Amino acid sequence: METRITHSTTMAAELLKKGELVAIPTETVYGLAGLFGVDKAHRAIYRVKNRPLDNPLIVHIGELSWIKNLLEGDSPFLESLIEHFLPGPLTIIMRKAPHIKDNFVADLPTIAVRMPSHPIALEILQKVGQPLVAPSANLSGKPSPTSAQDVYEDLKDQIPLIVDGGKCQLGIESTVISLIQKTPQILRPGSISKEEIERVLGISLGQFEEKQVLSPGMKYRHYAPKTPIYLFDDPKQVMVESNSWILSYEGELPHSVSFSSHSLYQRFREADRLKLSKIYIYLSEKLSYQPALMNRIQKAAQPA
Ligand code: TXA
Ligand code: MG
């Protein structure tokens with residue numbers, strides 16, 4: 001199958017309505033979209049990404065009113081989260097509505113819902129007129145794609161269409177929050193910080209613990225380039241080696257390649273394109289205050 005790159009949201013919506021997959025831009029990363037609740041689309045997403053079947057997908061909505069039909073029960077926090085953060089880079093987990101079949105939620109009693117703020121994503125969702133599941137549009141395990149070119153590299157000839165929305169504004173995935181327990185819990189740190197959410201809800205959320213695996217997707221090695229990654233925290237240890245990069249947060253170290261949350265995945269993919277032999281990442285104090293970045297870096301550095 002030949003993969004076309006387009007700006008046409010109408011073409012995207014037409015294919016999606018037929019149960020085909022289309023990669024779409026969002027404000028976080030590109031998503032591989034398919035119709036929620038349609039077997040053919042769900043199966044194709046897992047196949048194309050080579051994604052483990054126990055890793056559930058996020059349901060994307062184009063209107064806030066679509067939420068009602070997906071969730072069951074109530075949470076005292078739902079309304080303020082919606083009001084403050086949606087549309088935007090926050091994914092909310094609650095119990096799923098009873099009419100939703102188990103096979104569309106990886107056999108979990110819960111469902112993850114997000115309303116992207118990207119105008120192209122919203123336009124496509126609204127033209128389709130129903131929810132779309134959309135994991136990041138990379139091959140499972142690779143860094144998430146932040147440009148149409150990244151998607152093309154991973155998925156060419158596997159999907160009919162990529163909608164080009166340029167570079168993603170945020171470059172790191174949405175924050176995933178669960179409202180299942182009495183105290184909401186962050187399952188995946190992301191663009192919206194724990195502190196921002198705590199301010200809005202007026203409660204403390206408890207420390208995000210990397211060791212607790214609550215979000216199935218978090219147990220797999222992830223976000224990793226082919227180039228091996230080494231972490232160091234003493235700038236005096238820096239080795240200058242040919243064909244390798246030292247990455248430092250916002251260019252803190254001299255002679256290093258700078259990264260931020262907007263560009264981490266881009267750097268990973270550039271390193272692979274350049275066929276570098278190593279990436280060294282400086283774990284500075286400043287970086288330690290960036291939980292989403294720390295989380296992705298630690299996962300990417302895990303041995304396969
Ligand atoms: O920013 C984003 O969230 C992007 C864009 C495309 O929207 N999507 C994304 O999807 O990152 P994905 O599939 O790559 O990551 C979804 C994460 C996984 O860690 C998955 O395990 C978790 O959300 N998740 C989904 N449903 C869940 C559920 N019911 N309970 C716990 N975790 C869930
Ligand atoms: Mg992903």
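Atoms within a ligand are numbered from 1 in the order they appear, just like the ligands themselves. These figures come from a predicted structure and were not determined experimentally.
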> Does a salt bridge link E270 with R273, judged by any charged N lying under 4.0 Å from a carboxylate O?
Replying inline: no

>> Any salt bridge linking K286 with E250? Criterion: basic side-chain nitrogen under 4.0 Å from a carboxylate oxygen.
In response: yes

>> Give the atom numbers and elements of ligand 1 that come within less than 4.0 Å of a heavy atom of G31.
In response: 6 (C)

>> Salt bridge or not between K127 and E123? Use side-chain N to carboxylate O under 4.0 Å.
In response: yes

> Counting both backbone and side chain atoms, is some N or O of T26 under 3.5 Å from an N or O of ligand 1?
Replying inline: no

> If you count the atoms of ligand 1 from 1 in the order shown, which ones are under 4.0 Å from a heavy atom of N55?
Replying inline: 18 (C), 20 (C), 21 (O)

> Which ligand 1 atoms are under 4.0 Å away from a heavy-atom of P135?
Replying inline: 10 (O), 12 (P), 13 (O)

> Would D102 and K96 pass as an ion pair if we require N to O under 4.0 Å?
Replying inline: yes

>> Strictly under 2.8 Å, is the Mg ion (ligand 2) approached by any N, O or S atom of Y223?
In response: no

> Which ligand 1 atoms does S174 reach within 4.0 Å, using its non-hydrogen atoms?
Replying inline: 1 (O), 2 (C), 3 (O)

>> Within this structure, what is the OG-CG distance for the pair S136 and D150, rounded to the nearest 0.5 Å?
In response: 11.5 Å

> For ligand 1, which atoms, with element, lie under 4.0 Å from some heavy atom of T28?
Replying inline: 1 (O), 2 (C), 4 (C), 5 (C)

> Would you say R51 touches ligand 1, if touching means a heavy atom closer than 4.0 Å?
Replying inline: yes

> Should you measure from each heavy atom of L187, which atoms of ligand 1 turn up under 4.0 Å away?
Replying inline: 31 (C)

> What about E173: any of its N or O atoms under 3.5 Å from an N or O on ligand 1?
Replying inline: no

> Which atoms of ligand 1 are found less than 4.0 Å from any heavy atom of L108?
Replying inline: 28 (C), 29 (N)

>> Side chains of S174 and R188: any donor to acceptor distance under 3.5 Å?
In response: yes

> So, are E196 and R199 salt-bridged, with charged N and O less than 4.0 Å apart?
Replying inline: no

>> Any non-hydrogen side-chain atom of S261 less than 4.5 Å from a side-chain atom of Q290?
In response: no

> Could you state the interatomic distance from CD1 (I279) to CD1 (I229), rounded to the nearest 0.5 Å?
Replying inline: 5.0 Å

> What atoms of ligand 1 come closer than 4.0 angstrom to any heavy atom of A134?
Replying inline: 6 (C), 8 (N), 10 (O)

> Does any N/O atom on Y30 come nearer than 3.5 Å to any N/O atom on ligand 1?
Replying inline: no

